[in-house]
Amino acid sequence: MKEKFSLIVSEIDTALQKIDESQIEDLVQSILQADTVFLTGVGRVLLSLQAFSKRLTHLGIKAYFVGANNEPAFKPGDLLIVGSGSGCSIVPVAIAKKAKEFGGKVIHIGSNPRGDVSPYTDAMVRIPVQTRLYLKDEIVSQQPMTSLFEQSLLVFLDAVSMEIIQRKKLDLKQLWQWHANLE
């Protein structure tokens, strides 16, 4: 098992080191400037995005995943973050199109820069890992299916959270004020 742990951590590190710093900067600035942040994805990607949505709430940022019971209306000034390795998942593409119609900003976090979601995005953060498309420049993974994307996405978004904490000069102990307290 220790060999598998090392392999997974090594693959995640390789993937994260390949992300363009300017794309990260655009994402961080967009989150900080947005009135509200919305997130969409499907499957295991959605789970990573839901974790990030909760973390943004801990940072005092209004954040919702699309489809949540408490999701407010999307409007100009809002940001939609689309998580999709291939950029071709039907539901996130349709939601991105709708968000553009409402005048908000859309950022795609994925591997395929030419996916179906591309016409509806303002920017992309590329994590160039293996997708179901097997593009030539993707990082090949020894893990099943798109595990490396979901793992890299979760760790990447935790790093983005740390960057936001630093820029907002938040005290880590003070973050508990926004943490759920009825659990």
Side-chain angles (χ1 to χ4, degrees), residues 1-31 37-59 63-68 79-97 106-166:
M1 287 301 291
K2 290 182 181 182
E3 292 163 356
K4 290 174 180 60
F5 297 155
S6 293
L7 170 78
I8 291 168
V9 170
S10 175
E11 286 188 356
I12 293 169
D13 183 56
T14 298
L16 296 177
Q17 296 303 325
K18 298 270 186 187
I19 301 173
D20 184 307
E21 291 283 337
S22 66
Q23 294 175 352
I24 298 169
E25 179 61 26
D26 192 25
L27 175 66
V28 171
Q29 283 297 323
S30 296
I31 291 168
V37 177
F38 293 78
L39 302 106
T40 189
V42 295
R44 290 167 38 117
V45 170
L46 177 60
L47 298 175
S48 296
L49 293 171
Q50 287 173 330
F52 185 55
S53 176
K54 181 130 180 130
R55 179 64 70 219
L56 289 176
T57 299
H58 295 157
L59 305 181
Y64 303 89
F65 61 92
V66 176
L79 170 66
L80 173 68
I81 298 173
V82 176
S84 174
S86 69
C88 297
S89 299
I90 294 168
V91 173
V93 170
I95 292 168
K97 180 180 179 187
V106 178
I107 295 182
H108 172 216
I109 304 175
S111 184
N112 180 11
R114 293 170 294 283
D116 296 342
V117 74
S118 297
Y120 312 111
T121 60
D122 297 288
M124 179 184 189
V125 176
R126 184 163 191 241
I127 304 174
V129 298
Q130 183 174 296
T131 66
R132 58 189 165 102
L133 302 173
Y134 295 95
L135 302 174
K136 288 181 183 181
D137 63 344
E138 293 176 345
I139 297 168
V140 176
S141 175
Q142 294 181 47
Q143 300 181 64
M145 304 169 80
T146 60
S147 293
L148 181 56
F149 178 67
E150 293 109 29
Q151 295 158 351
S152 299
L153 179 63
L154 181 63
V155 174
F156 168 68
L157 293 174
D158 275 344
V160 167
S161 298
M162 292 174 69
E163 182 67 20
I164 291 169
I165 289 167
Q166 182 179 346

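Keep in mind that the numbers below use all heavy atoms, side chains included, and drop hydrogens, waters and symmetry copies.
- No side-chain heavy atom of Phe52 sits less than 4.5 Å from a side-chain heavy atom of Ile109.
- Screening Asn112, Asp20, Asp137 for a side-chain hydrogen bond (donor to acceptor under 3.5 Å, both in side chains) with Arg126, the sole residue that qualifies is Asp137.
- In this structure a side-chain-to-backbone donor-acceptor pair under 3.5 Å is missing from Ser53 to Phe38.
- Minimum heavy-atom separation, Leu154 to Ala51: CD1-CB, 3.9 Å.
- The shortest distance between side-chain heavy atoms of Leu7 and Glu3 does not fall below 4.5 Å.
- The nearest pair of heavy atoms linking Thr57 to Ala63 is OG1-O, 4.0 Å.
- Note that the CG atom of Leu133 and the OG1 atom of Thr146 stand 11.0 Å from one another [nearest 0.5 Å].
- The two atoms that bring Gln130 and Glu138 nearest to each other are CA-OE1, 3.3 Å, heavy atoms only.
- Considering CG of Leu153 and CG of Asp158, their distance stands at 10.0 Å, rounded to 0.5 Å.
- One side chain, Ser141 or Glu11, offers a donor N or O that lies under 3.5 Å from an acceptor on the other.
- Interatomic distance, Leu56 CG to His58 NE2, rounded to the nearest 0.5 Å: 10.0 Å.
- Distance alone, capped at 3.5 Å, is enough to place a donor-acceptor pair between the Ser6 side chain and the Lys2 backbone.
- At least one donor-acceptor pair under 3.5 Å links the side chain of Asp122 to the backbone N or O of Val106.
- At a threshold of 4.5 Å between non-hydrogen side-chain atoms, the residues Thr131 and Phe149 do not count as touching.
- Taking 4.5 Å as the limit, every side-chain heavy atom of Arg55 sits out of range of all side-chain heavy atoms of Leu157.
- Atom NE2 in His108 sits 4.5 Å away from atom CE in Met124 (nearest 0.5 Å).
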Under 3.5 Å, which donor-acceptor pairs link side chains of residues 80-91 to any protein atom two or more places apart or in another chain?
from	atom 1	to	atom 2	distance (Å)
Ser84	OG	Gly87	N	2.9
Ser86	OG	Cys88	N	3.1
Ser86	OG	Arg132	NH2	3.1

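- Of the possible polar contacts, none joining the Gln143 side chain to the Leu148 backbone as a donor-acceptor pair under 3.5 Å is found.
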Practice item. Begin from the C-alpha positions of Ser147 and Gln151 and carry the test side chain to side chain donor-acceptor pair (under 3.5 Å) through to its verdict. Key: CA-CA 6 Å; Ser147 293; Gln151 295 158 351; 4.8 Å; no
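- Rounding to the nearest 0.5 Å places CD1 of Ile19 at 5.0 Å from CZ of Phe156.
- Thr40 contributes no side-chain N or O that, together with a main-chain N or O of Pro92, makes up a donor-acceptor pair within less than 3.5 Å.
- Atom CD in Gln50 sits 5.5 Å away from atom CG in Leu47 (nearest 0.5 Å).
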